[in-house]
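Have a look at the structure below, then the notes.
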Amino acid sequence: MGGGHERHSQSPVTGPRSIAIVDCNNFYVSCERVFQPALEGRPVVVLSNNDGCVVARSDEVKALGVKMGVPFFQIRPLVEEHGILAFSSNYALYADMSNRVMSILHHFSPHQEVYSIDECFLDLTGMEHLDLTRYCQKIRQRIRKWLGLPVCVGIAPTKTLAKLANHIAKKQPQYNGVCNFNQMPSLEADRIMASIGVGEVWGVGRRLAEHLGRMGIETVKALRDADPKGIRQQFSVVLERTVLELRGISCLSLEDIAPVKKQIMSSRSFGAYVYSLQDLGEAVSLYTSRAAEKLRSQRSVAGGIQIYIRTNPHKEHAPQYHPSITVPLIEPTDDSRRIVRAALWGLKRIYRPGLAYQKAGIMLVELSPSGQKQAGLFPAVMGQDESRSKRLMCTLDRINQRMGNGTLRLASEGIEQNWKMKSGRKSPCYTTRWDEIVKAMA
DNA sequence: TCTGGGGTCCTAGGACCC
DNA sequence: TCTGGGGTCCTAGGACCC
C-alpha cells in the first residue's frame with residue numbers, strides 16, 4: 001500500500017484485534033430521561049439550536065417515522081397528535097454526562113478513543129480470555145446502573161466492522177445489546193451482511209450509497225465482496241479502505257490521544273433576522289471569543305481567521321448573499337482582542353446593508369502549537385506586550401471557567417444581544433449548575 | 001412564521017517553478 | 001508559426017462523520 005497518512009497505516013499487531021465501540025442509545029433523549037423519569041416510554045425529541053431541527057429521537061418517535069434532522073415545524077401535526085415532548089438541547093448537561101460515561105469506560109480499557117460525545121472505541125485485544133461478549137454486557141450494566149443511560153456495544157477486528165456490529169446490536173433485540181463479530185460463525189455474518197443496506201456502513205453516505213446501488217452493490221456483503229482495486233479506481237482510496245475493513249483487514253488505527261484540532265469554528269443562527277453591522281459585529285465578537293478560548297485550551301495559536309455571514313438560504317425569493325473573507329493574523333496569536341479586531345475588520349469588508357442576515361460564523365485557521373511561535377517581524381515591539389496578553393487571557397479563561405461562560409467578556413460582544421438564539425424548551429443544567437440542581441420535594 | 005453546529009479527509013484544477 | 005513535462009503548493013468543493 002502506497003505510503004499515506006500514518007493513522008491509516010495497517011496495524012503492526014499480528015492476529016485479529018478486538019475493537020469494541022460503545023454507543024449510547026438516543027443519547028440526548030436518554031440524558032433528559034435520566035433527570036425526568038416520567039419521560040420513559042413517551043415520545044421525546046431534542047432540538048438543535050434555535051429549536052430548529054430534530055437532533056435526537058426516542059424509539060417511540062423513530063417508530064412514528066420522524067427522520068433525523070427534520071425541521072421541527074414540519075412535524076408539528078405529529079407532535080400534536082402523539083403528544084411528542086420536545087426539549088431544546090442542553091449541551092452542558094450532555095457534555096457532563098458524556099464525561100461520566102467515558103471515565104467509566106476507561107476502567108474497562110485504558111486504550112480508549114473518545115470518538116464523539118456519545119461514542120467510544122475501546123481496544124480489548126489480548127483480553128479475549130475474559131469472554132468479550134460477557135465483558136461488554138458488564139459495561140452495559142454498569143453504565144445503566146451508575147448513570148441510568150442505555151448503551152449498545154459492537155465488537156469486531158476492525159473499527160468499521162465494530163460499527164456495523166453496534167448497528168446490529170441496536171436493531172436486533174436477540175443480541176441483547178452486544179454483538180460480537182469475533183464470535184460469530186461466518187455463515188451467520190454473511191447472512192446478516194446480506195440483509196443490511198450498504199448505506200449503513202460507516203463511511204458510506206447517501207451519495208455513495210446511491211452510486212454503489214446503481215452499480216448493483218446494494219448490501220454490506222456486496223460491498224465487502226467487491227474488488228478493492230476497482231473500488232479505488234471508481235471511487236477513492238477511502239472507500240477501498242472501507243472494503244478492506246469489512247473483510248477484517250484493519251486500516252484505521254485506534255487513536256488513544258486526541259490530536260489537536262486543525263481548525264476551530266464557531267457559528268450560530270440568530271433568533272431573529274439581523275440587519276445592522278453593529279449586531280453582526282456583536283455576534284462575530286462573541287463567536288470569536290468562544291473559538292479563541294478553545295484555541296488557548298488546546299495551546300495553539302491561529303495564523304488567520306475566516307469570517308462569513310449569510311442570509312436565509314431557504315427563503316428562495318428573498319435576495320441571497322453569503323460572502324466570506326479570510327483575514328491573516330500578521331503574528332500568529334491566541335489573544336481574543338487581536339483576533340476579534342481582525343474579525344471585525346473582515347466583517348466590515350463583507351457587510352452589505354439592506355439584507356436580512358440569518359447566520360454568522362468564524363473559523364480559526366492555520367493553527368500551530370503556541371510554544372513554537374515564530375519570532376515576529378518586530379520582536380522588540382512584541383515582547384512586553386506579549387506577556388501581558390498571556391496573563392490577561394489566562395485570567396479571563398479562569399474566571400469564565402469558574403463563574404460560568406460569559407461572566408467576563410469583551411465590550412464588543414454587546415449587552416443587549418438582540419441576535420441571541422431562541423431556546424425556550426431547555427431543561428435545567430442538573431449536573432453543572434448548583435442553582436439548577438434537582439430539587440427533592442416532600 | 002419556523003430549516004443546527006463542528007469537524008475530517010480527499011480530489012481536482014490552477015498557479016507557479018524549473 | 002511551431003511551444004514539454006513534471007513537480008509542488010494552494011484553494012475550493014464535495015463527501016463523509018456525529
Side-chain angles (χ1 to χ4, degrees), chain A residues 4-8 21 23-24 26-28 45-57 67-77 79 86 88-89 91 94-95 98 113-121 159-160 163 166-167 198-212 232-242 251-252 255 258-273 287 290-291 294-295 298 303-304 306 308 310-316 318 324-326 328 356 358-367 421-425:
Chain A
H5 210 274
E6 190 190 39
R7 60 186 288 256
H8 299 305
I21 182 153
D23 190 323
C24 301
N26 318 330
F27 183 57
Y28 296 172
V45 295
V46 173
L47 305 174
S48 65
N49 283 333
N50 278 318
D51 297 340
C53 297
V54 172
V55 293
R57 304 155 294 160
K67 297 281 178 245
M68 179 69 174
V70 294
F72 185 48
F73 73 86
Q74 283 178 5
I75 62 162
R76 269 286 153 69
V79 171
S88 303
S89 38
Y91 290 111
Y94 311 148
S98 174
E113 177 187 332
V114 176
Y115 177 66
S116 75
I117 193 163
D118 68 335
E119 282 174 75
C120 180
F121 286 103
K159 283 179 153 182
T160 304
K163 291 279 283 186
N166 192 286
H167 170 81
V198 71
E200 300 296 341
V201 173
W202 191 38
V204 178
R206 194 173 50 84
R207 296 313 260 283
L208 279 175
E210 278 171 19
H211 194 161
L212 287 165
R232 183 186 195 140
Q233 279 191 348
Q234 281 259 336
F235 298 91
S236 70
V237 59
V238 184
L239 196 60
E240 181 195 26
R241 282 198 286 257
T242 300
C251 302
L252 306 173
E255 290 171 86
V260 295
K261 303 262 183 288
K262 296 173 177 177
Q263 49 189 24
I264 295 174
M265 304 190 222
S266 179
S267 69
R268 216 115 312 178
S269 306
F270 305 127
Y273 289 124
Y287 306 162
R290 289 290 159 273
K294 288 188 210 162
L295 183 72
Q298 72 162 31
Q306 182 181 317
Y308 70 88
R310 63 154 217 224
T311 50
N312 186 348
H314 301 287
K315 283 223 155 186
E316 287 170 23
S324 80
I325 186 174
T326 303
Q358 184 236 14
K359 181 176 182 176
I362 67 98
M363 183 161 85
L364 301 178
V365 295
E366 284 164 58
L367 308 191
M421 297 188 299
K422 284 181 296 202
S423 171
R425 305 158 173 273

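In what follows, chains are A, B, ... by sequence order, proteins preceding strands, each numbered from 1.
Residue A:Ser267 has a polar side-chain atom (N or O) positioned under 4.0 Å from OP1 or OP2 of B:dG6. The side chain of A:Lys315 places no N or O atom within less than 4.0 Å of a non-bridging phosphate oxygen (OP1 or OP2) of B:dT1. At B:dC2, one or more side-chain N or O atoms of A:Tyr273 fall inside 4.0 Å of OP1 or OP2 (strictly under the cut-off). Phosphate contact (OP1/OP2 of B:dG6, side-chain N/O of A:Arg268, threshold under 4.0 Å): present. Contact between the side-chain N/O atoms of A:Lys262 and the OP1/OP2 oxygens of B:dC9 is found at a separation under 4.0 Å. For the OP1/OP2 pair of B:dC10 and a distance below 4.0 Å, the side-chain nitrogens and oxygens of A:Arg241 include at least one atom meeting the criterion. Side-chain nitrogen and oxygen atoms of A:Lys261 include none within less than 4.0 Å of the OP1 or OP2 phosphate oxygen of B:dT8. Contact check, A:Ser269 against B:dG5: a side-chain N or O comes under 4.0 Å of OP1 or OP2. For the pair A:Gln263 and B:dT8, the criterion of a side-chain N or O lying under 4.0 Å from OP1 or OP2 is met.
Among the protein residues, A:Glu119 comes within range of the sugar-phosphate backbone only, with heavy atoms under 4.0 Å from sugar or phosphate atoms but none that close to a base. A:Val70 comes within contact range of no nucleotide atom at all, as no heavy-atom separation falls under 4.0 Å. Counting any heavy atom pair closer than 4.0 Å across all strands shown, A:Val201 reaches sugar-phosphate atoms only and no base atom. Residue contacts shown for A:Phe72 are absent, as no nucleic acid heavy atom lies under 4.0 Å away. Among the protein residues, A:Leu208 comes within range of the sugar-phosphate backbone only, with heavy atoms under 4.0 Å from sugar or phosphate atoms but none that close to a base. Heavy atoms of A:Ile117 sit nowhere under 4.0 angstrom from any nucleic acid atom.
Of the listed nucleotides (B:dG4, B:dG7, B:dG5), B:dG5 has the atom at the smallest distance from the side chain of A:Lys359. For A:Phe73, counting side-chain heavy atoms from C-beta on, the closest listed nucleotide (B:dC10, C:dC18, B:dC2) is B:dC2.
Taking atom CZ of A:Arg207 as the reference point, atom P of B:dT11 lies 18 Å away to the nearest angstrom. Regarding A:Gln298, its CD atom lies at a distance of 15 Å from the P atom of B:dG6, rounded to whole Å. If you take CH2 of A:Trp202 and P of B:dC9, they are 12 Å apart, rounded to a whole angstrom. Rounded to an integer number of Å, the gap from A:Arg290 CZ to B:dG6 P is 12 Å. When rounded to the nearest whole Å, the span between CZ of A:Arg425 and P of B:dC2 equals 16 Å. Summarising the geometry, the separation between CG on A:Leu364 and C1' on B:dG5 is reported as 15 Å, rounded to the nearest angstrom. A:Arg206 places its CZ atom 8 Å from the P atom of C:dC16, with the value rounded to the nearest Å. Nucleotide B:dT8 holds its P atom 14 Å from the NZ atom of A:Lys159, rounded to whole Å.
Mapping A:Ser236 and A:Tyr91 onto DNA chain B via the closest heavy atom, the residue that lands nearer the 5' end is A:Tyr91. Of the two residues contacting DNA chain B, namely A:Pro71 and A:Tyr308, the nearest-nucleotide position lying further toward the 5' end is that of A:Pro71.
Base pairing in DNA chain C gives the following stems of 3 or more Watson-Crick or G-U pairs, range against range and under 3.5 Å: B:5-18 with C:5-18.
Within the 3.5 Å criterion, the main-chain N or O of A:Tyr91 finds no donor-acceptor partner in the side chain of A:Ser89. The main-chain N or O of A:Ser269 is found under 3.5 Å from a side-chain atom of A:Asn50 such that the two form a donor-acceptor pair. Between the A:Ser98 side chain and the A:Ile117 main chain, a donor and an acceptor come within less than 3.5 Å of each other. In this structure a side-chain-to-backbone donor-acceptor pair under 3.5 Å is missing from A:Asp118 to A:Phe27. With hydrogens and angles disregarded, no donor-acceptor distance shorter than 3.5 Å links the side chain of A:Ser267 to the backbone of A:Ala360.
Shown here are the side-chain contact (heavy atoms from CB on, under 4.5 Å) partners of A:Gln263, two or more places apart in sequence or in another chain: A:Met265, A:Met363. Scored by the side-chain contact (heavy atoms from CB on, under 4.5 Å) test, A:Leu367 finds A:Ile264, A:Leu295, A:Gln298, A:Ser300, A:Ala302, A:Leu364 as partners (sequence neighbours excluded).
By the 30° and 60° cut-offs, the orientation of the rings of A:Trp202 relative to A:Tyr115 is perpendicular.
A donor and an acceptor atom, one from each side chain of A:Asn312 and A:Tyr273, are located under 3.5 Å apart.
Using C1' as the reference atom, B:dC16 and C:dG4 are 16 Å apart when rounded to the nearest Å.
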